[in-house]
Amino acid sequence: MRSRHRPGDDQLVIEVRGLSKRYGPTTAADSLTFTAKPGVITGFLGPNGAGKSTTMRLVLGLDRPDAGHALVGGRPYWSYRRPMRELGALLEAGSVHPGRTAFHHLLWLAHTHGIGPSRVLAVLDQVGLSDVARRRVGAYSLGMRQRLGVAAALLGDPGTVMLDEPMNGLDPEGMVWIRRLLRTLADDGRTVLVSSHLMSEMEKIADHLIVIGRGRLVADTTPAQLRAGHDSLEDAFLELTRATAEYHGRAR
Ligand SMILES: Nc1ncnc2c1ncn2[C@@H]1O[C@H](COP(=O)(O)OP(=O)(O)OP(=O)(O)O)[C@@H](O)[C@H]1O
């Protein structure tokens, strides 16, 4: 992989400022402000329904905020002519036509951005799908679809990568792979924003943590600082988010 990104490069920052989004009575994002910086892995945490996916969708311009903004390298994602080259995202594994092969799915995506077939082969290799690239995606396991989603995110060799629950469905070998991949991406100077419910994984890989509850920022910290005084990061997380999670439990 190329190493064209430099840590500290403001062009690669994901900046969320005063972001708010309501769906009927539900507040999915509530004046949310945080920054994900290049060269580090930023973990994005929160209980179910906290607003992580909504925030990521707002960053991608797939939904409109009621207030605030989300910028990638100082601009809205949608304003880039070839956005896949700026930010690569994995939102939902499985949103691929089941009759297509992984190779053709990526080739089609590449085409839309003027990216050649050699890059498709390179990302297939990077995610470990080279041997099964000619199989229909409908026959893929969840872990394989996750790898394909990550391949799509990396296709444009973007300086910023945003992955929603990339560890879902990965086996132990897959977990080792994703850990190494995220570290390599950050070490290359890329911005890496990754959501997960797996606290032990986050403790291992994240350099920085953004924790939200009910759409609001509840912590902007490091794993060590969050864990301080607790037996585990999970304990610290549960204590921090208990009020927000219980609120959801009662409200439903
Ligand atoms: N399109 C939508 N229409 C209505 N409500 C929505 C929509 N999208 C999200 N929500 C609601 O907004 C809240 C935040 O959802 P979101 O999926 O962003 O949370 P999350 O933190 O990603 O949750 P999880 O960890 O379970 O994936 C939830 O209460 C959800 O039901």
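Sequence positions, counted from 1, serve as the residue numbers for this chain. Hydrogens, waters and symmetry mates play no part in the numbers below; they use all other heavy atoms, side chains included.
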*asked:* Looking at Lys37, I want to see if its NZ is surrounded by more than 12 non-hydrogen atoms of other residues, nucleotides or ligands under 6.0 Å.
replied: no
_Just so I know, are the side chains of His97 and Val137 near enough to count as touching, which here means a heavy-atom distance under 4.5 Å?_
no
*Under 4.0 Å between a Lys/Arg side-chain N and an Asp/Glu carboxylate O for Glu201 and Lys204?*
yes
*asked:* Other residues, nucleotides and ligands only: do more than 12 of their heavy atoms fall within 6.0 Å of CZ on Arg75?
replied: yes
_Strictly distance-based, threshold 3.5 Å: is any side-chain N or O of Arg190 a donor or acceptor partner for the main-chain N or O of Pro158?_
yes
*Arg180 with Asp187: basic N within carboxylate O range, under 4.0 Å*: no
*Compute whether any side-chain donor of one residue and acceptor of the other, for Asp66 and Ser20, lie under 3.5 angstrom apart.*
no
*Does a donor on one side chain and an acceptor on the other come within less than 3.5 Å for Arg22 and Thr27?*
yes
_Nearest non-hydrogen partners of Leu60 and Tyr77, listed with the distance_ = O-CD2, 3.3 Å
_Lys/Arg N to Asp/Glu carboxylate O, Asp63 vs Arg57, below 4.0 Å_ = yes
*Do you know which two heavy atoms are closest between Leu71 and His69, and how far apart they sit?*
CG-CD2, 3.6 Å
_What verdict does the side chain to side chain donor-acceptor pair (under 3.5 Å) test give for Arg82 and Thr112, after you've listed the backbone C-alpha separation in whole Å, the side-chain angles of each residue and the deciding distance to 0.1 Å?_
CA-CA 9 Å; Arg82 291 187 163 159; Thr112 63; over 6 Å; no
